[in-house]
Structure formats: C-alpha cells, structure tokens
Peer 1: 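Before I ask anything, here is the structure I am working with.
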Amino acid sequence: MVTYNNISISSCKAVCELCPGELIGTLQTVDYCLVVGVLVISVLIGIYFIYKEKNATADDMLMGGRDIGIFPIAMSLMASCMSTIFVLGTPAEMYTHDTSFGLSCLAIFPTTVVTCHVFMPFFHKLDFTSAYEYLERRFNRAVRVCASIIFMLNMLLYMGVVLYAPSLALNQVTGLKLELSIVCIGLVCTFYTALGGLRAVVWTDTFQTFVVMAGLIAIIVVGSRDLGGFGEVWDIANKGGRIQFIDWDPNPTTRHSIWALIIGSFFGQLTIYAANQTMIQRYLAIKEIQNSQKALYLSLPLTLILSTVVCLVGLVIYATYHDCDPYLLDMVHARDQLLPFLVMDKLTFLPGLPGLFVACLFSASLSSISSGLNALAIVILEDILKLWWDYRGNAPSPLWQGRIAKLLGLFAGGLVIGIAFLSQFLGQTVLQIMLSIFGMVGGPLLGLFISGIFFPFINSTGALCGLITSAVMAFWVGVGGTVLLPVPEVMHVSTEMCSIIQRNCSSSSNSTISSTISSTIAATTQATLSSEDNLWIYHLSYLWYGLFATLISLIVGILVTFITSCCLGFNEPEDVDANLIHRLVDRVCCFLPVTCQRVHRMEKY
C-alpha cells in the first residue's frame, strides 16, 4: 500500500511533522482581502438591486417581476443545490468509501426531463407565487398550512447547518474564528437577499458559482501536480479500492447499489426539483414556460460538471493522505475537514489560493442560504400572513407587502444565524445527513403533490393523513438509522508514512496519537458488532428515503380516502377543478374500465 518514494514522502512530510493541536497553515493578508472582496461584491450586487427595487411590490421582491433571464436562473438552479455540505461532504465520501456515489449524478437526466415536461408546465399554468397555494385549492387550508410548516422547519434547520458546517471546518483547520465566519456569511446573505429580492439572489448566485468552480479546479490542478499528475492520483485511488462504480446487489440495505444510486437518487432529486419552493420559485420567475425549460436544461451540464469536479477533488485528497491520514493523526476532528486541511497544506505556497478556497466555501454557503431565505420569505408571506389577513379582512397594500417581505427576509436570516450557533450541539454533519434530511422531509411533500396532481379521487383527509404518517415514518427510519447504526469503517488508510519521517512532538503527543488510532479502531469494531441487533428497516440505504416516504404518503392517502369515502362518497368531477389535475391523468384513465374511470375522475362524468 505504501510506496516509499520521494512523491509520497513529500506529500506526507508536513502532516507527519505536525503535532496534535497545531495548525498546518494560516491565512495571510492577501487571503483575507480576497475573501472580503467576494463578500463586498455580493453586497454591492445587493445594493444595486436595493436601489433598483426601492418601490418594489411583494411580487417584484420574491418573484423578480417574473422577467429574469434564462442564464442567471440556470446558474441559480445549480447554485441552490451547491451547498458547502455538498462541497465538503462529497470529497469526504470519495475519501472514506469509493466513487460509486458519483453515479447518483446520472439521475439528474430523468429528473430534469420529468420536471421539465410534467411538473414545470403544470405549475406554470397555475401561476401561483407559493407552490403550497395549490394544496389549499386542491385539498383544504389545513393541508396547505401543515405542508408549509414542514417546509419552513426543514429549510431553517438545513440553512443553519449549511452556515455552521464550513465555519467549523475553517475554524478547526485555519484558525478562522467560528463566530466571525457565521456572522459575516449570515449578515451579508441576509442583507442582499432581504433587501435586494430574487434578482439580487440569482445574480449573486451566478457570481458565486464561478468562484466555487475556480477554487475547486485550483485544488485539483495543484494537488495532482504535487503527486506527479492525475494519472498517478487515479492509480493510487484504484489500488486503494476507491475506483468502484457499479454494485448490482438488489438488496435495499446496500448503501450504494446501482439501483439506489439511479432509482433512489431520482426520487430524492425529484423531492427538490418538483416539490420544493426554492426550485419552483425559480421556474416561475421566467414568464414563458419554454424559457423556464431552457434554463433547467442549461443547468443540467453545469450541475454535472460541478459534481464531477467535486468527486475528483476527493480522489486528490485520498491520493495525498492515504498513508498519513490526518484524522487518525488527530489533526482534524472529522473527515469533512480534509478538504480545507489539504488547502492549507498544499496551496499556501502561492498567496491568495487559500483565500480563493475560503471564498469558494463562503460563496457556496451564500448561494444556498440566499435561495432558502427567499423561498422562506415567500412561504411565510403567502401561506401564513396572507391567510391571516384574509381571515381578518384587512390585507395591506402591495407596496406594504413588499416591505413586509423585506422584513421577513431579515427575520429569517436572524433565525438562521441563531440556529447556526446552536448547531454545535447537534454534532458533526455529513453529506449523507443532508441527503437524508431532503429524503425524510421532501419525500412526504412529494407524495402529497403527486396525490393531488395525479390522483383526483384522494380527498383532503387522505392527503393530510398520508402527509403526517409519511413524515413520522420517514423520520423514524432516518433518525434511527443515523443514530443507531455505526459509521462505515474506512478501509485502506493508515499513518505508515509517518513511521519513516522524524517527529519532533513530545512523548505525550505521540501517545495521544496512538491512543486516538486505537480508540478509533476499537469503536468501529464494537459498533459493527452491535449493529446486528438493530431492526432491518434501520439498515435501509439513505438514498431510498425519498421513495420510501413518497410511497407511504400515497398508500396511506389512498387507503384513508377509500375508508372515508365509504361514508362520505368519492370526489365527483365537479368537486375537483380540472386545472388542478394533470392532463396525463385522463389520457391514462381512458384505458381503464368505466367503473374505475368513475372512481378516478373523468370530466365527461
């Protein structure tokens, strides 16, 4: 495994000579200037749109007047999913397991096609500001409010973790103050999102996407050069068992089978692209449906490129540290911190490169949080406040609603900053946790939308029971699997290279490293033995959570509908507005027996 050549020794020398508690590098003045420059440009974009939108209505603030161009929307669609958890977690996945996760990006092809030609035209036709407004029209107000609350809780927790994770990684690797990172990112993002509106968000997303790509490509180029070229990187990763793509095992407990990576990821991505206000809002920010479809198709190759680049970064990290693992040496507290560790180890030779990486992480956080804040403001305004104003009968003017939308953005930003500070008590988060959350929360919402759009006979009672049951079951399986099951053992990593490099640490430091390695191996072994006693369902691959939750929502919704309809009767054609049901429904149902057509819904009856 270990090759004692000049390249390996050079790659590991700085790490092996480092003592526990020491930083491998620090940011210089030029690095801080680069980071500040990125934040200032983001603020200036926000100031420009604040001036331009000073008399904006709520629709102008939250939907961009529905006349935003194709390119910025395409970049924003990609940036909405480009969180720092993705940037930090995907390379860690390549390092600790293998490249099979990279195949999940292939699911973006069917996801894009289905979204463009099934869901997007449907939402465009309805022309709602909030996607959850559809749920009230199709079912009732209780279903709309429940779905909105679930979405708001999901986005607040997600954005808090997205803000906290990179700040913690940079703090422990570079010494950058945790509080400073959280406050800087949080305030800058809240400022231009709340006051500049959707136009400010999509244009800053465009700028920040280029910064992220530049930072990641710089890491690949410099890291590969130090190892003798990318061919050497690939060879080391292959020998270490990291180049593995296809596992045909049909068992749903297999973590990354080809079925989970394609089918499971398809439904997981559909929960984001077809049932998430953040994405639907961007589809509707373009007036013409054809242009919205072009924007999503344009974001497809951009997303694939970003996913590929992030996976290659993970291979570079493995090739660099496979025989001097910083985690086993107690230099990092989680393998999610390996990417910033590599940057401070390898990129400090040229002032500004570490700053570019920090700017890359900050930009990834800004783009994800700004998208979430804008969507959150829409949901609070449309699905909570406007319902209250309708009940009271005293809705404010459109101009005042625009001002309230700005205040909601500021309020939501403050909540996210607070949750980021509280996230330190939630433990470490990884890519798997992020995807699990989207599956656990997005799955019930996707099932709810599918129930309304494609199953006209499902009534409001069935839809609400399906949503609640699905959410409870998904959280039970997801949280249980995350808490009870052990973290999979990391194979083919060691600290052997440090045995041939002279260490100048104290004996207590060396004993600390030895005890850390021993305790890590012992804990992994014990956890693996105890995991056999857990329920089978806890072993379900996290990639199946979205499909699992969607099916539970649909099955419960159908069963409850049939039970309640025995007393109340099925939905009649006049009970369901034809515009609230997808046109594919009647085309498919025309092949069914007449009795089934009557139950389902046919306009002619």
Peer 1: So, using side chain to side chain contact (heavy atoms under 4.5 Å, CB included) as the criterion, who are the partners of D345 when residues are at least two apart?
Peer 2: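 Side chain to side chain contact (heavy atoms under 4.5 Å, CB included) check on D345 returns A14, V15, I24, Y321.
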Peer 1: Passes side-chain contact (heavy atoms from CB on, under 4.5 Å), D325 versus L329? Steps please.
Peer 2: CA-CA 6 Å; D325 183 24; L329 292 169; 6.0 Å; no
Peer 1: For W389, give me all partners under ring-ring contact (aromatic ring centres under 6.0 Å, His included), at least two apart in sequence or on another chain.
Peer 2: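 Applying ring-ring contact (aromatic ring centres under 6.0 Å, His included) to W389 gives none.
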Peer 1: Any chance you could measure I70, atom CD1, to L296, atom CG, to the nearest 0.5 Å?
Peer 2: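 CG of L296 is found 12.0 Å from CD1 of I70.
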Peer 1: In a check of side-chain contact (heavy atoms from CB on, under 4.5 Å) between T96 and each of L338, V490, V493, which one passes?
Peer 2: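 When L338, V490, V493 are each tested with T96, the side-chain contact (heavy atoms from CB on, under 4.5 Å) holds only for V490.
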Peer 1: Just so I know, are the side chains of M159 and L376 near enough to count as touching, which here means a heavy-atom distance under 4.5 Å?
Peer 2: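 A side-chain contact under 4.5 Å exists here.
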Peer 1: Answer yes or no: is there a side-chain heavy-atom contact under 4.5 Å between Y158 and V441?
Peer 2: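 Y158 does not reach V441 side chain to side chain.
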Peer 1: Could you state the interatomic distance from CG (L312) to CE (M94), rounded to the nearest 0.5 Å?
Peer 2: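 Separation between the atoms: 9.5 Å.
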Peer 1: Any side-chain heavy atom of L353 within less than 4.5 Å of one from I219?
Peer 2: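 The answer is no; the side chains never approach within 4.5 Å.
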Peer 1: Restricting to non-hydrogen atoms, name the atom on A549 and the atom on A474 that form the minimum distance, rounded to 0.1 Å.
Peer 2: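 So the two residues come closest at CB-CB, 3.9 Å.
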Peer 1: Look up atom SG in C146 and atom CZ in F151, then write down how far apart they are to the nearest 0.5 Å.
Peer 2: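 Going from SG on C146 over to CZ on F151, the span is 15.5 Å.
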Peer 1: Who are the ring-ring contact (aromatic ring centres under 6.0 Å, His included) partners of F123, not counting sequence neighbours?
Peer 2: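 Applying ring-ring contact (aromatic ring centres under 6.0 Å, His included) to F123 gives F449.
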Peer 1: Looking at side-chain heavy atoms only, is the closest gap between R255 and H97 below 4.5 Å?
Peer 2: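 Yes, at least one pair of side-chain atoms sits under 4.5 Å.
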Peer 1: Keeping Q269 on the side-chain end and I108 on the backbone end, is there a donor-acceptor pair under 3.5 Å?
Peer 2: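 Answer holds: yes.
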Peer 1: At their closest point, which heavy atom of A285 faces which heavy atom of I73, and how far apart are they?
Peer 2: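 Scanning both residues, the minimum pair turns out to be CB-CD1, 4.1 Å.
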Peer 1: Within a strict 4.5 Å, meaning less than it, do heavy atoms of the E179 and F421 side chains meet?
Peer 2: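 Yes. Closest side-chain heavy atoms under 4.5 Å.
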Peer 1: Considering only heavy atoms from C-beta outward, does the side chain of L467 approach that of I150 to under 4.5 Å?
Peer 2: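 Contact flag for L467/I150 side chains = yes.
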Peer 1: As a quick check of understanding, evaluate side-chain contact (heavy atoms from CB on, under 4.5 Å) for I417 and L187, giving each step before the final call.
Peer 2: CA-CA 8 Å; I417 293 174; L187 288 181; 4.2 Å; yes
Peer 1: Determine the sole option in L339, I220, T90 for which the side-chain contact (heavy atoms from CB on, under 4.5 Å) test with V310 is passed.
Peer 2: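 The single option meeting the side-chain contact (heavy atoms from CB on, under 4.5 Å) with V310 is T90.
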Peer 1: Where is the tightest heavy-atom contact between L34 and G355, given as atom of each residue plus distance?
Peer 2: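 It is CD2-C, 3.6 Å.
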Peer 1: Among residues at least two apart in sequence or on other chains, which ones pass ring-ring contact (aromatic ring centres under 6.0 Å, His included) with Y283?
Peer 2: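 None.
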Peer 1: Using 0.5 Å steps for rounding, measure from the OG1 atom of T320 to the OH atom of Y318.
Peer 2: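 The distance works out to 11.5 Å.
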Peer 1: Just how far is it from atom CE of M78 to atom CG of L300, taken to the nearest 0.5 Å?
Peer 2: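 Going from the CE atom of M78 to the CG atom of L300 covers 11.5 Å.
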Peer 1: Taking all atoms of both residues into account, what is the closest heavy-atom pair of R144 and Y132, and its distance?
Peer 2: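 Closest pair (atom of R144, atom of Y132, distance): CG-O, 3.0 Å.
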Peer 1: I want to check something: taking the side chain as every heavy atom from C-beta on, are C105 and T303 in contact at a cut-off of under 4.5 Å?
Peer 2: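 A side-chain contact under 4.5 Å is absent here.
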Peer 1: Kindly write out the residues that satisfy side-chain hydrogen bond (donor to acceptor under 3.5 Å, both in side chains) with S181, not counting sequence neighbours, or none if the list is empty.
Peer 2: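 S181: no side-chain hydrogen bond (donor to acceptor under 3.5 Å, both in side chains) contacts found.
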Peer 1: What closest approach, in Å, do Q277 and I378 show between heavy atoms, and which atom pair accounts for it?
Peer 2: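 Closest heavy-atom pair between Q277 and I378: NE2-CG2, 3.5 Å.
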Peer 1: With sequence neighbours left out, write down each residue that passes side-chain hydrogen bond (donor to acceptor under 3.5 Å, both in side chains) with D31, or none if nothing qualifies.
Peer 2: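 None.
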Peer 1: Counting distance only, does the side-chain N/O of T271 pair as donor-acceptor with the main-chain N or O of G268 below 3.5 Å?
Peer 2: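 Answer holds: yes.
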Peer 1: At their closest point, which heavy atom of V316 faces which heavy atom of G223, and how far apart are they?
Peer 2: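 It is CG1-CA, 3.8 Å.
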Peer 1: Given side-chain contact (heavy atoms from CB on, under 4.5 Å), test F128 with I280 step by step and report yes or no.
Peer 2: CA-CA 10 Å; F128 292 146; I280 295 174; over 6 Å; no
Peer 1: I'd like to check M152 versus I384 (side-chain heavy atoms, cut-off strictly below 4.5 Å). Are they in contact?
Peer 2: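 A side-chain contact under 4.5 Å exists here.
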Peer 1: Between atom CD1 of I419 and atom CG of L415, what is the distance when rounded to the nearest 0.5 Å?
Peer 2: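 The distance works out to 6.0 Å.
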Peer 1: Assess whether side-chain contact (heavy atoms from CB on, under 4.5 Å) is satisfied between V313 and V87, documenting all intermediate values.
Peer 2: CA-CA 9 Å; V313 168; V87 173; over 6 Å; no
